[in-house]
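The structure appears right after this line, and notes come after that.
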Amino acid sequence: MSTDFQSGREALGARLSELRAETGLNGKEFAARLGWQRSKVSRLQNGRQTATPGDLEAWANAAGHSGAFAELLSRLRGLESQQRHWRRQLAAGHAPVQDRYVVEYRRTATMRGYEPTVIPGLFQTPDYARHLLVQNAELMRSPRDTDAAVQARMHRQAVLYEAGKLFRVLIWEGALHAFVGTRDAMAGQLDRLVGLIGMSTVELGIVPLGAPMGITPKHGFWIFDEERVIVETINTELQYDAADDLALYGRVWDQLHAAAAFGPQAHRLIARARAAIAAA
């Protein structure tokens, strides 16, 4: 699958290949000069491995072009702005990541989002958020700063009450039934969703389990001011800002929006999930 990130990595690899070729050395000889395995040189040149800053500095020096390091590093930073690994982001815990989201949400006027498996962070209660953050810290083996992270996530929700904001959020009905934490935590979370229906800054839609689906997205996504898309995977956060990508995700969101239930209908779907939890 071709992405902006992969294309950029291949472009960086091509630049590394140019620098190596200028030395007159082949890949095996250049690897020997670096003290690396030949396979590493090949992977970097072909865009199959992401270079570290140390790799780039060593490459520039081995090529006799130490001045090229700044250019190579700039290319790498451009890649990292499109793909941010959770392991790296969570090195200091979850709270700094939540603080970053506060800044991003404050500078966003209109957001369109879709979540198929979880209640979005913007709408989470403290109990629901706490269970998710503990689970994720265990999965990622990151520092446990749950209290600070929950507080930061709740702080992020202040944007819901700011004039001029609009959050158009779609949730697949299955997420309402995905049991997170205790029965009381789930009940409180669903009650929270009911309270969001009718807010002037929130347009909440629920895509019913039995709705005819023109498309079945494989993951959730968020569109910020029609300028960039953020996609979260298990290990990585991806960002796209190319016009084609924005248009594609916009079309997907539009189809989901057409299948969603709003207002009283959304309220009934949430009530159905609430009743199922009470009976569990």
Side-chain angles (χ1 to χ4, degrees), residues 1-9 50 76-124 128-129 132-133 135-137 139-140 142 149 152-160 162 165-172 175 196 201-205 207 215-257 260:
M1 179 177 65
S2 177
T3 65
D4 288 346
F5 176 81
Q6 180 57 27
S7 296
R9 192 162 68 170
T50 303
L76 178 63
R77 295 303 184 220
L79 291 179
E80 291 177 339
S81 71
Q82 294 176 333
Q83 174 169 291
R84 297 187 285 201
H85 285 274
W86 288 120
R87 185 175 63 254
R88 190 181 311 147
Q89 291 192 69
L90 297 173
H94 282 77
V97 176
Q98 299 303 316
D99 289 338
R100 174 171 60 80
Y101 278 128
V102 170
V103 174
E104 292 184 353
Y105 281 42
R106 279 178 174 168
R107 66 188 185 197
T108 300
T110 302
M111 181 181 294
R112 292 194 288 167
Y114 169 67
E115 285 292 351
T117 61
V118 68
I119 307 304
L122 270 177
F123 300 160
Q124 290 173 9
Y128 185 94
L132 287 177
L133 288 164
Q135 290 173 1
N136 200 39
L139 176 66
M140 303 303 295
S142 58
R153 182 164 291 186
M154 296 305 103
H155 181 51
R156 188 205 314 181
Q157 296 180 6
V159 298
L160 296 176
E162 294 181 6
K165 301 281 191 180
L166 180 58
F167 299 92
R168 308 180 68 195
V169 181
L170 305 174
I171 305 173
W172 189 53
L196 294 169
T201 58
V202 175
E203 180 188 282
L204 176 60
V207 181
I215 192 167
T216 54
K218 306 299 187 292
H219 52 73
F221 59 90
W222 293 83
I223 306 172
F224 289 70
D225 281 332
E226 306 301 319
E227 294 178 350
R228 61 195 174 101
V229 178
I230 290 184
V231 176
E232 295 183 1
T233 69
I234 291 174
N235 70 325
T236 303
E237 177 186 271
L238 302 168
Q239 296 193 47
Y240 303 99
D241 57 12
D244 288 349
D245 290 324
L246 287 166
L248 174 61
Y249 278 94
R251 291 195 300 272
V252 171
W253 191 92
D254 288 342
Q255 290 194 40
L256 291 166
H257 184 270

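The residues of the chain are indexed from 1 along the displayed sequence. Hydrogens, waters and symmetry mates are skipped; everything else that's a heavy atom, side chains included, is used.
The heavy-atom pair separating Val118 from Tyr128 by the smallest distance is CG2-OH, 3.4 Å. Closest approach of Gln124 to Met154, counting heavy atoms only: O-CE, 3.4 Å.
Every residue two or more places apart in sequence or in another chain that forms a salt bridge (charged side-chain N to carboxylate O under 4.0 Å, His left out) with Arg168 is listed here: Glu203. Residues passing the side chain to side chain contact (heavy atoms under 4.5 Å, CB included) test with Asn136 are Leu90, His94, Leu139, Met140, sequence neighbours excluded. Qualifying side chain to side chain donor-acceptor pair (under 3.5 Å) partners for Gln157, counting only residues two or more places apart in sequence or in other chains: Arg192. A search for side chain to side chain donor-acceptor pair (under 3.5 Å) contacts involving Asp254 returns Arg112, not counting sequence neighbours. Under the rule for a side chain to side chain donor-acceptor pair (under 3.5 Å), the partners of His155 that lie at least two apart in sequence or sit in another chain are Arg106. A search for side chain to side chain contact (heavy atoms under 4.5 Å, CB included) contacts involving Thr117 returns nothing, not counting sequence neighbours. For Gln135, the side chain to side chain contact (heavy atoms under 4.5 Å, CB included) criterion is met by Leu132, not counting sequence neighbours. In this view, Trp222 and Glu115 satisfy the side chain to side chain donor-acceptor pair (under 3.5 Å) rule, not counting sequence neighbours. Every residue two or more places apart in sequence or in another chain that forms a ring-ring contact (aromatic ring centres under 6.0 Å, His included) with Phe224 is listed here: Tyr105. In terms of the ring-ring contact (aromatic ring centres under 6.0 Å, His included) criterion, Phe167 has no residue partners (sequence neighbours excluded).
Of the possible donor and acceptor atoms, none in the side chain of Tyr114 sits under 3.5 Å from a partner among the backbone N and O of Val252. Checked by atom type and distance alone, the side chain of Glu232 never pairs as donor or acceptor with a backbone atom of Gly220 at under 3.5 Å. Between the side chain of Thr110 and the main chain of Leu166, no donor-acceptor pair closer than 3.5 Å is present.
Here the straight-line distance linking atom CG of Asp225 with atom OG1 of Thr108 works out to 5.0 Å at 0.5 Å rounding. Distance check: Leu133 CG to Arg153 CZ gives 4.5 Å after rounding to the nearest 0.5 Å. Taking CG from Leu204 and CG from Leu170, the interatomic distance works out to 8.0 Å, rounded to the nearest 0.5 Å. Between atom CG of residue Leu256 and atom CD1 of residue Ile171 there is a gap of 12.5 Å, rounded to the nearest 0.5 Å.
Residues Glu162 and Thr201 form no side-chain contact, since every pair of their non-hydrogen atoms from C-beta on lies 4.5 Å or further apart. Arg156 is listed as a side-chain neighbour of Leu122, based on a closest heavy-atom distance under 4.5 Å. Considering only heavy atoms from C-beta on, Thr50 comes within 4.5 Å of Leu76 through its side chain.
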Do Tyr240 and Leu248 pass the side chain to side chain contact (heavy atoms under 4.5 Å, CB included) test, and can you show the C-alpha distance, the side-chain angles, and the key distance before you say yes or no? CA-CA 11 Å; Tyr240 303 99; Leu248 174 61; over 6 Å; no

Evaluate the side chain to side chain contact (heavy atoms under 4.5 Å, CB included) criterion for residues Ile230 and Glu237: first the C-alpha distance (whole Å), next the side-chain angles of each, then the deciding distance (0.1 Å), finally the verdict. CA-CA 7 Å; Ile230 290 184; Glu237 177 186 271; 3.7 Å; yes

